[in-house]
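Below, read A as the first sequence line, B as the second, and so on, with proteins coming before strands; counting in each chain starts at 1. The model shown is predicted, which means the values in this text are computed figures rather than measured ones. Basis for what follows: all heavy atoms, side chains included, without hydrogens, waters or symmetry-related copies.
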2 protein chains.
Amino acid sequence: MDTPENVEEAIEVLQQLGLKEYEARCFVGLSRLNTGTAKKLSELTEVPRTRVYDAIRVLEAQGLVEIQHSSPQQFRAVPLEEATETLRDQYEERVERLHDALDTVDVVDEGDESPVQQIWAMAGQDAIENRTDQLIEKATNEIVLVIGDESLLTEDLVETLNEVDDGIDLIIGTLTEPLQDQVQAAVPDATTFVSGLEWLHGEYTEEDDTAIGRLLLIDRSTILVSSIMPDTKEEQAIFGEGFGNGLVVIARRLMAQGLIPARDPQ
Amino acid sequence: MDTPENVEEAIEVLQQLGLKEYEARCFVGLSRLNTGTAKKLSELTEVPRTRVYDAIRVLEAQGLVEIQHSSPQQFRAVPLEEATETLRDQYEERVERLHDALDTVDVVDEGDESPVQQIWAMAGQDAIENRTDQLIEKATNEIVLVIGDESLLTEDLVETLNEVDDGIDLIIGTLTEPLQDQVQAAVPDATTFVSGLEWLHGEYTEEDDTAIGRLLLIDRSTILVSSIMPDTKEEQAIFGEGFGNGLVVIARRLMAQGLIPARDPQ
DNA sequence: CTATTTGTAATTCTTTGAGTGACTACAAGA
DNA sequence: TCTTGTAGTCACTCAAAGAATTACAAATAG
């Protein structure tokens, strides 16, 4: 009885979603069975039989399995679509509760400053993408975006880009021509170019794919630059605001030198 | 320094969403500050100063806070909308991965049976609602639904009910007249009635609000009956399929006695 | 009626996370 | 130069949660 790797995957994800190991194993086990008893399940999943009962009870309370109270009890997993929908609902509720709670709290007003040299670091592709969206939506004059990796051109980003107001210059660079074509097709209103920023790529390491992630310059006063860790693929970004911000100044200088085109794509 | 209760709430929910206590406290702390150092945060949140760093690192990796690498380091929380969106994204990804993994697995075909006396139990409002939706969508002739508690008449359910095919008899009962009016307004195509099932309510306990949750009979061959625990408010349901199923037979008998109207609302 | 299966419960072992203190680095002031 | 306070990292303890095992009573099958 070997365990296919997608079974392992499913078990892991379920744990990330908050289930205990036994619960996860049992649920996946039931997903492979039309219906099962504690004994069968225990054999299939290596969960000690005597613990199957507890695990199943928890799963039932979460709406992920059904129990038939006969003897022996029969268990079965809720159909996949129903299960995922239920999980979604659960998390949606939680996020909403979080939102409401935090919304009614905010700011213990400390006498706070906003010096100009602030440069903030953040991580995580989702978070960086959300920030990117926010910045793009707030632009009033000019958006310069350089995309360093195909994987960053998500549906969501494309959607945000296509919603940009007509009066705003939208300039998008890529590191390769195929990607440029792709961008131009996805975002017809944009002016695209192939970036002269190849030097931002890993220089000395050989297989160092994609050092730069994205570069976003909004109204020449807000900048976000990200890179992708070659090993973990995690995206990391730094972010600076304000016309006088050091990073922003550097970016403007790059632009002046033509390395980032402004309105005249090379 | 007291902690408002919505702060507590937020911390709890964040933990349910997978954060550790310190991480949750730090994030909420930062949400109350424009910007903070480890020291300030530690004072505000009671997280030991030396542990703030670890917690923040984790939060940063998840895209929930930004770090300014100065000395002392400054931390700040990502704006609320961004944070919730990032969390949503994260869970959406997980649920999707789960779906994909389980989709490619399924059934270790065991010689399985489908006797007719199966009655399954399930729990959880979300799960029961999803099942209700599924059943309604699969109906071909007749839907009889009795709603025992206002809280069960969700947007989602109304939507599902309004998508029911025209050729299908849709009969909805409630326990009170006001609720009937509400239903009739929300689902114009339905035939509504006030149920003669008051006896399903808690009989001997005094404050036993709402014993019956919902009762759903599909094509006279599939039935789902739920109740709401008076203490926990948790919804529990039993569910039977097949024309010969004992539960279903009982339901048909009730109908024959006019307790559940079929096509002639009282 | 006995032997097995089923279900509950108590018990140990392991891991994780909360809480604390020791240690290094550094900058400001004496 | 020496002292002192703050920032940051690490390593350690203790308690709680979870994994794994065992003991035992009730139910079932042969």
Side-chain angles (χ1 to χ4, degrees), chain A residues 1 3 8 11-30 33 35-62 65-76 110 118 120-121, chain B residues 1 3 7-8 11-30 33 35-62 65-76 110 113 115 117-118 120-121:
Chain A
M1 175 108 332
T3 47
E8 292 296 341
I11 292 174
E12 258 179 52
V13 177
L14 280 168
Q15 284 183 274
Q16 289 174 5
L17 287 170
L19 297 196
K20 305 302 171 206
E21 185 183 329
Y22 285 170
E23 293 155 19
R25 304 185 87 88
C26 283
F27 181 77
V28 176
L30 281 180
L33 250 33
T35 188
T37 63
K39 189 164 183 228
K40 261 207 277 182
L41 248 192
S42 163
E43 283 156 6
L44 179 61
T45 63
E46 339 258 39
V47 173
R49 182 187 59 82
T50 61
R51 305 250 91 209
V52 168
Y53 300 98
D54 314 59
I56 293 286
R57 262 192 282 275
V58 174
L59 289 170
E60 200 239 15
Q62 303 214 18
V65 313
E66 298 166 79
I67 300 182
Q68 186 175 8
H69 292 284
S70 49
S71 183
Q73 299 179 270
Q74 298 275 117
F75 312 122
R76 72 176 185 192
E110 299 268 329
Q118 295 188 345
W120 297 92
Chain B
M1 177 109 330
T3 46
V7 167
E8 292 296 341
I11 292 174
E12 257 180 52
V13 178
L14 280 168
Q15 284 184 274
Q16 289 175 6
L17 288 169
L19 297 196
K20 305 302 172 207
E21 185 183 328
Y22 286 169
E23 294 156 18
R25 304 184 89 87
C26 282
F27 181 77
V28 176
L30 282 180
L33 250 31
T35 186
T37 63
K39 190 167 181 224
K40 261 206 278 183
L41 248 192
S42 162
E43 284 157 6
L44 179 61
T45 62
E46 337 257 44
V47 173
R49 183 186 59 82
T50 62
R51 284 318 213 62
V52 169
Y53 301 98
D54 314 61
I56 293 287
R57 262 192 282 277
V58 175
L59 289 170
E60 201 239 16
Q62 302 214 20
V65 313
E66 299 166 77
I67 300 181
Q68 188 176 4
H69 292 285
S70 48
S71 182
Q73 298 179 265
Q74 297 276 117
F75 312 123
R76 72 177 186 193
E110 298 268 328
E113 71 317 316
Q117 269 306 349
Q118 294 188 344
W120 297 91

Discussion item. Go through it in stages, so that I can follow the logic: the residues are B:Asp54 and B:Arg51, the test is side chain to side chain contact (heavy atoms under 4.5 Å, CB included), and I'd like the CA-CA distance, side-chain angles, deciding distance and then a yes or no.
Written reply: CA-CA 5 Å; B:Asp54 314 61; B:Arg51 284 318 213 62; 3.8 Å; yes
Item to complete: Going by the side chain to side chain contact (heavy atoms under 4.5 Å, CB included) test, name the single residue among A:Leu44, A:Val65, A:Leu59, A:Val58 that passes it with A:Cys26.
Response: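 Exactly one pass, corresponding to A:Leu59.
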Rounded to whole angstroms, how far apart are [atom1] on [X] and [atom2] on [N]?
{"X": "B:Leu19", "N": "C:dT16", "atom1": "CG", "atom2": "P", "value": "18 Å"}
{"X": "B:Tyr53", "N": "C:dG21", "atom1": "OH", "atom2": "C1'", "value": "15 Å"}
{"X": "B:Asp54", "N": "D:dC12", "atom1": "CG", "atom2": "P", "value": "15 Å"}
{"X": "A:Ile67", "N": "C:dG7", "atom1": "CD1", "atom2": "P", "value": "10 Å"}
{"X": "B:Gln15", "N": "D:dA17", "atom1": "CD", "atom2": "C1'", "value": "14 Å"}
{"X": "A:Gln74", "N": "C:dG7", "atom1": "CD", "atom2": "C1'", "value": "15 Å"}
{"X": "B:His69", "N": "D:dA7", "atom1": "NE2", "atom2": "C1'", "value": "15 Å"}
{"X": "A:Gln68", "N": "C:dT6", "atom1": "CD", "atom2": "C1'", "value": "15 Å"}

Worksheet entry | Short side-chain N/O contact from A:Arg57 to OP1 or OP2 of C:dT8, under 4.0 Å |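 Result: yes.
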Worksheet item: Is the shortest side-chain N/O distance from A:Gln73 to OP1 or OP2 of C:dG7 below 4.0 Å?
Response: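 Yes.
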Without placing hydrogens or testing angles, list every side-chain donor-acceptor pair under 3.5 Å for residues 14-23 of chain B, not counting sequence neighbours.
from	atom 1	to	atom 2	distance (Å)
B:Gln16	OE1	A:Arg97	NH2	3.0
B:Glu21	OE2	B:Arg25	NH1	3.2
B:Glu23	OE1	B:Lys20	N	3.0

Rounded to the nearest 0.5 Å, how far apart are [atom1] of [X] and [atom2] of [Y]?
{"X": "B:Arg76", "Y": "B:Leu33", "atom1": "CZ", "atom2": "CG", "answer": "12.5 Å"}
{"X": "B:Ile56", "Y": "B:Gln73", "atom1": "CD1", "atom2": "CD", "answer": "9.0 Å"}
{"X": "A:Phe75", "Y": "A:Glu66", "atom1": "CZ", "atom2": "CD", "answer": "12.5 Å"}
{"X": "A:Thr37", "Y": "A:Gln74", "atom1": "OG1", "atom2": "CD", "answer": "6.5 Å"}

Worksheet entry | Closest non-hydrogen atom pair, A:Thr45 against A:Gly29 | CG2-CA, 3.7 Å
Worksheet item: Looking at A:Pro48 and A:Ser42, what are the two nearest heavy atoms and their distance?
Response: C-OG, 4.0 Å
Discussion item. Nearest to the side chain of A:Lys39, heavy atoms from C-beta on, is which of C:dT6, C:dG17, D:dA7?
Written reply: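 In terms of side-chain proximity for A:Lys39, the closest of C:dT6, C:dG17, D:dA7 is C:dT6.
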Worksheet, complete the sentence: Students should find that the end-to-end axis angle of the helix from C:dC1-D:dG30 to C:dA30-D:dT1, with five pairs defining each axis and rounding to 10 degrees, is 10°
Practice prompt. Quick one, give me the B/S/- string for nucleotides 21-30 of chain D, reading 5' to 3', where B means a protein heavy atom under 4.0 Å from the base and S means that only happens at the primed atoms, P, OP1 or OP2.
Written response: BBB---SS--
